[in-house]
Amino acid sequence: MSKRTKWDTKGDLDESKNLPIYQHKATLQQAVKDNSFLVVTGETGSGKTTQLPQYLHQAGFWSNGKIGITQPRRVAAITVAQRVSQEMHCSLGREVGYQVRFDDCTTQDTVVKYMTDGCLLREILADPVLSQYSVVILDEAHERSLNTDILLGLLKQTLSSPDKASKGRSVPLKVVVMSATLETDKLSVFLGGCPVFTIPGRTFPVTSKFSCAIGPKDTESSVYIKEVVKVALDVHTSEMAGDILVFLTDQQKQIFQPPPPGIRKCVVATNIAATSLTINGIKYIVDSGFVKQLNHNSRVGMDILEVVPISKSEALQRAGRAGRTSAGKCFRIYSPAFWEKCMPEYTVPEIQRTSLTAVILTLKCLGVHDVIRFPYLDRPEERFILEALKQLYQCDAIDRRGKVTRLGELMVEFPLPPGLTRALLQAASLGCEDLLLPVAAMLSVENIFIRPGHPEKQKEADKKHRQLGVQAGSCNDFTMLLSVFEKCKASDAPSAWCKDNYIHWRALKSAFSVETQLREILLRLQKKRDFPMEKFDGNKSELFRRCLCTGYFTNVARRSVGKVFCTMDGHGSMVHIHPSSTLFDQEAQLDWVIFHDLLVTSRIYIRTVCPIRYDWVKDLLPKLHEVDVYELSSVAREEVTDEEVAKWMTKETAKRQTEGSAEAVFKKLEKRNDESSVSDARARYLQRKQERQQGKAS
DNA sequence: GAGCACTGC
């Protein structure tokens, strides 16, 4: 049976014996022994995250390999590992450790390993059968993070095919999926009807009250902010002692200042509080009923940040925050009708509303050819998958057959969007990676330019930023990023330099770490024999911009009239250069540009822009419309024969001949963008803006 | 002439 360890004799902390999970210890240990898959469910406070790995350790699972536990967030992975190492009386990083990006706190001795789901996904890339592990526990599966969803599908697939499961493994891998009491039946069915183990929670009742302030017709209104303040103050004046947690869509702290005298605490939070933040003593919840969500629109090829009603499950989770220490109350500022008509049952999982380009490349690199019939717990819409395939084809990560190219194998190693990786690899092959590495890093972190709310300070910040642009001699936003990175790095007092120039020091520091990581990955790949190398004769500025073109030609736009540009990606969106760009107000001198991203607010803005010459993208542009949906769809489903590819090529040549000149192709690409979602997003933005101004005036 | 949550490699 289980091997004894030095901790067995010392016993658990008394506290852990009081946890609801403790009396199910033996049953849980046996259940994992008896099943390949197991779903464990229980409310927060049941102790499943800290205790189950210890139970499995005591049951001897460590002798066959590590016990790995994934978390969707870094802080959770680190703090839980700390807690468990204390309980097991060992120093962190020895028997119990954690791994998150930039911080690997594990050693050869580590047998209980907490990590982010993204880290485990990286490990699978290097070792598809996870030969180092005896058990993998996916925690917080109900959050449906992109990486956890992918891991679920991969583990299901690996374990359900006996041939793959045994390859490279001495004993079969055990998989435990832990989730809040939500959709657990669905998880069980997904995992072949595996047992579901329920651990009773330790929570107190929460009563919920609806109000009529927000009805079914108010989904886009910002009146909820006022109402939330009103309700919070009501609670303060009329309810018994206990702290208040308020859920809003963004931080608008000023509306709660000054706090009324007394000792009651009022925490205003965005979705951070829904998951990571634990606040003791919360007795009251004020729920606005809204959340800010980034949705990817595959038809227009852009991400739109929207304020949307939360789901019923999310509302229940918000309410639950009031019942951790004693009975609580939840005040919902919306009506029962709003609940019924506007709030979906469950939040749409991330995998169904995000760009899938990087995920699809990862799957392909793991040998998942049929990315449409991959076992997704919730299948993304087919057009999202096709769009991802198209992008991967366009940046040379996959070929016409949907097979990963040599370049694609290199690209998957980088924690970057594939287009940017493509540009970076191009630079590396031409020996100028020092230009692209800092840029890639800067584009991976939050916005580094600070723009204060105060009008005077704002002016000063804008002036400083313009000066930086001039000093850099930078003719585009990418070189601007490069220059800021290098200037700050070379500075004797980088933090003071940042403060003086209205630059986010914290963001720059993380850009430094990202750059180091990217450089390490690149160096590792360059040591391989077949790393591509090319030659280039020309000046450095052109070299830099041509590298960018290789990755960003899909984001090319051409000026049509005045300050308006038209994208060439087949959507033909009419876009403007964002006012934060160094190229803003110089539109008249521009013709062709490429850009890093699109932002939909009062207009469709392109951000991080770079002028290019048509010549540099001329040969790449046909790739934008080379592949049709039918072709991709069949590529996505099955292996494609040489004959079929040849047939497509012939069809394409014929098509090009009938279409004639490049100009004609552009005309076709300059289709007007009639996507209602974009105009809707714009209308909502303008409405909110108007309401805010009215609020100010009154 | 400028929006805005969060997480992850």
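Keep in mind it's a predicted model, so treat the numbers as computed, not measured. Residue numbers begin at 1 in each chain, while the letters A, B, ... track the order of the sequences. Both backbone and side-chain heavy atoms feed into the values below; hydrogens, waters and symmetry mates do not.
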Visitor: Indicate whether OP1 or OP2 belonging to B:dA2 is found under 4.0 Å from a side-chain N or O atom of A:Thr601.
Guide: no
Visitor: May I ask you to check whether A:Phe247 and A:Phe290 place their ring centers less than 6.0 Å from one another?
Guide: no
Visitor: Tell me: CD of A:Gln293 to C1' of B:dC4, nearest whole Å?
Guide: 14 Å
Visitor: Return the nearest nucleotide to the side chain of A:Val100; candidates are B:dC4, B:dC9, B:dA2.
Guide: B:dC9
Visitor: Among B:dT7, B:dC9, B:dA5, find the nucleotide with the atom closest to the side chain of A:Pro415.
Guide: B:dC9
Visitor: Taking CZ from A:Arg73 and C1' from B:dG8, how many angstroms apart are they, rounded to a whole number?
Guide: 11 Å
Visitor: Take the protein atom CD of A:Gln71 and the nucleotide atom P of B:dG8, then report the distance between them rounded to whole Å.
Guide: 11 Å
Visitor: Does B:dT7 have its OP1 or OP2 closer than 4.0 Å to a side-chain nitrogen or oxygen of A:Ser145?
Guide: no
Visitor: Regarding A:Tyr98 and A:Gln71, is there a side-chain donor-to-acceptor distance under 3.5 Å anywhere?
Guide: no
Visitor: Roughly how many Å is it from CD in A:Glu140 to P in B:dG8, rounded to a whole number?
Guide: 13 Å
Visitor: Heavy atoms from C-beta onward define the side chain here; which of B:dT7, B:dA2, B:dC9 lies closest to that of A:Ser580?
Guide: B:dA2
Visitor: Answer with base, sugar-phosphate or nothing: what part of the nucleic acid does A:Phe414 contact at a heavy-atom distance below 4.0 Å?
Guide: nothing
Visitor: Need to verify one output field. Residue with the more 5' nearest nucleotide on DNA chain B, A:Arg603 or A:Asn147?
Guide: A:Arg603
Visitor: Nearest to the side chain of A:Phe584, which nucleotide is it out of B:dA2, B:dG1, B:dG8?
Guide: B:dG1
Visitor: Please determine whether a side-chain nitrogen of the Lys or Arg among A:Glu520 and A:Arg524 lies less than 4.0 Å from a carboxylate oxygen of the Asp or Glu.
Guide: no
Visitor: For A:Leu294, answer base if it contacts any base atom (sugar-phosphate contacts may also be present), sugar-phosphate if it contacts only those atoms, and nothing otherwise; contact means non-hydrogen atoms under 4.0 Å.
Guide: base
Visitor: Drop me the distance from A:Met442's CE to A:Ser483's OG, to the nearest 0.5 angstrom.
Guide: 8.5 Å
Visitor: Which nucleotide wins on minimum distance to the side chain of A:Arg101, given the candidates B:dA2, B:dA5, B:dC9?
Guide: B:dC9
Visitor: Side chain of A:Arg74, heavy atoms from C-beta onward: which of B:dT7, B:dG8, B:dC4 has the nearest atom to it?
Guide: B:dG8
Visitor: Taking atom types as modelled, is there a side-chain donor on A:Thr405 or A:Asp396 under 3.5 Å from an acceptor on the other?
Guide: no
Visitor: Send over the distance from A:Asp104 CG to B:dG8 P, rounded to a whole Å.
Guide: 16 Å
Visitor: Look at the side chain of A:Arg451 and decide which nucleotide, out of B:dA5, B:dA2, B:dC9, has an atom nearest to it.
Guide: B:dA2
Visitor: So which one's nearest nucleotide on DNA chain B is more toward 5', A:Arg607 or A:Lys563?
Guide: A:Lys563
Visitor: Does NZ or CZ of A:Lys464 lie under 6.0 Å from the centre of the six-membered ring of A:Phe449, at an angle within 45° of the ring axis?
Guide: no
Visitor: Between B:dC4, B:dG1, B:dC9, spot the one nearest the side chain of A:Pro579, thanks.
Guide: B:dG1
Visitor: A:Gln99 CD to B:dG8 C1': how many Å, rounded?
Guide: 13 Å
Visitor: For the pair made of CG in A:Asp462 and P in B:dA2, what is the distance, rounded to whole Å?
Guide: 12 Å
Visitor: Figure out the CD1/C1' separation between A:Ile606 and B:dG1, and round it to whole Å.
Guide: 15 Å
